Amino acid sequence: MLVNKSIKPIQRIMIGHGMLIMFVALMTGLLLWVSVLGGFEIFPGYVLQINLEGTPEGWARAHRGIPMNSLMLILFALVISSIGLEAKLENQFGWLFIGTAWANTIFYIAANFSQNRALSFGANKYGDSNLFSFLALAPAYLFGVLSMAAILFIAVKCLFFKKS
């Protein structure tokens, strides 16, 4: 097996998680199909009825949004070692971006089981909150804030500080 020796372990781990998240994205495409059809077609003309929570629009959002998290993670994996970060910070940012991608993936799926679209911890104009509102929003909120700070740090480092 050919292995690129220049890829660091954290990059390989990030790419692996990115691929797993892309697999989840494809699975949400299946859930979108089930949601639209109202079930799963076993053979032509016979649909096994499945009552799936959420709406076709919600599953479409998941099917479109989750691949973006996968691609974001893979992109970060490809550039993280080229920007001159210390190894420890590279690893910390790598795991932060892995957590962010999974938190957003969980958000898209769990939001389909939340009346309020998991946009708030309490009730909002879309409906009441429930356990899925919290499970969807809490990790996405936490990792979203942390990753925005990390991305800003990386941007400033790349734009304003030259590596010697």
Side-chain angles (χ1 to χ4, degrees), residues 9-42 46-80 85 88-157:
I10 190 62
Q11 290 175 292
R12 185 175 308 285
I13 292 167
M14 292 171 76
I15 292 168
H17 279 273
M19 292 293 109
L20 288 174
I21 291 168
M22 189 62 80
F23 177 78
V24 172
L26 294 172
M27 294 301 296
T28 60
L30 178 63
L31 295 174
L32 169 59
W33 177 35
V34 167
S35 179
V36 170
L37 187 59
F40 185 81
E41 188 171 38
I42 302 297
Y46 180 76
V47 176
L48 175 65
Q49 299 297 311
I50 298 173
N51 184 17
L52 183 62
E53 290 290 323
T55 64
E57 295 79 16
W59 288 110
R61 281 190 293 272
H63 186 54
R64 283 189 313 268
I66 293 172
M68 295 305 294
N69 287 287
S70 170
L71 295 173
M72 173 190 69
L73 184 54
I74 292 166
L75 175 65
F76 288 162
L78 296 176
V79 300
I80 197 165
L85 297 176
K88 182 178 179 181
L89 192 56
E90 241 179 55
N91 281 314
Q92 290 172 337
F93 280 173
W95 284 107
L96 172 63
F97 294 139
I98 289 168
T100 300
W102 279 113
N104 290 339
T105 298
I106 292 166
F107 171 85
Y108 277 114
I109 293 169
N112 280 293
F113 299 92
S114 170
Q115 288 181 358
N116 73 357
R117 297 186 185 179
L119 296 173
S120 62
F121 293 109
N124 62 37
K125 69 179 185 177
Y126 296 108
D128 291 332
S129 64
N130 61 14
L131 177 61
F132 289 103
S133 306
F134 181 80
L135 292 175
L137 186 55
Y141 190 99
L142 172 66
F143 279 97
V145 169
L146 293 175
S147 65
M148 286 189 318
I151 289 167
L152 184 60
F153 173 87
I154 291 169
V156 168
K157 180 172 180 34

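Bear in mind the structure is a predicted one, so any value in this text is a computation, not a measurement. The figures here come from the full heavy-atom set of this structure, side chains too, leaving out hydrogens, waters and symmetry mates. In what follows, residues are counted from 1 in the order of the sequence shown.
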Using side-chain heavy atoms (C-beta onward) and a distance below 4.5 Å, is [X] in contact with [Y]?
X    : Y    : result
P139 : F107 : no
V47  : E41  : yes
L31  : L52  : yes
K157 : L85  : yes
R117 : N124 : no

Close aromatic pair by centroid cut-off 6.0 Å: W102 and F143: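 That pair fails the under 6.0 Å test.
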Ring centres under 6.0 angstrom apart (F153, F93):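 Yes.
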Are any side-chain N or O atoms of [X] and backbone N or O atoms of [Y], one a donor and one an acceptor, separated by less than 3.5 Å?
X    : Y    : value
N116 : K125 : no
E53  : F113 : no
S70  : G18  : yes
W59  : L30  : no

Worked verdict on R61 versus N112 for side chain to side chain contact (heavy atoms under 4.5 Å, CB included): CA-CA 10 Å; R61 281 190 293 272; N112 280 293; 5.6 Å; no
Distance, nearest 0.5 Å, that separates [atom1] of [X] from [atom2] of [Y]:
X   : Y   : atom1 : atom2 : value
T28 : R64 : OG1   : CZ    : 10.5 Å
I21 : I66 : CD1   : CD1   : 8.5 Å
L89 : L96 : CG    : CG    : 10.0 Å
I98 : I10 : CD1   : CD1   : 4.5 Å
S35 : E57 : OG    : CD    : 8.0 Å
L48 : F40 : CG    : CZ    : 8.5 Å

How far apart are the closest heavy atoms of [X] and [Y], and which atoms are they?
X    : Y    : result
S147 : T100 : CB-OG1, 3.4 Å
A140 : A136 : CB-O, 3.6 Å
I80  : E90  : CD1-O, 3.3 Å
P67  : A62  : CD-O, 4.0 Å

F134 and F121 aromatic ring geometry - parallel, tilted or perpendicular at 30°/60° bounds: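 Because their plane-to-plane angle lies in the 30° to 60° range, the rings of F121 and F134 count as tilted.
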Ring geometry between W95 and H17 (parallel below 30°, tilted from 30 to 60°, perpendicular above 60°):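 The arrangement is perpendicular - the two ring planes meet at more than 60°.
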Check: T105/N69 side-chain N/O donor and acceptor closer than 3.5 Å: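 Per modelled atom types, T105 and N69 side chains form no pair under 3.5 Å.
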Side chain to side chain contact (heavy atoms under 4.5 Å, CB included) between L78 and M14, worked out: CA-CA 9 Å; L78 296 176; M14 292 171 76; over 6 Å; no
Stepwise side chain to side chain contact (heavy atoms under 4.5 Å, CB included) check, L137 with L119: CA-CA 7 Å; L137 186 55; L119 296 173; over 6 Å; no
Steps toward side chain to side chain contact (heavy atoms under 4.5 Å, CB included) verdict (L75, M72): CA-CA 5 Å; L75 175 65; M72 173 190 69; 5.8 Å; no
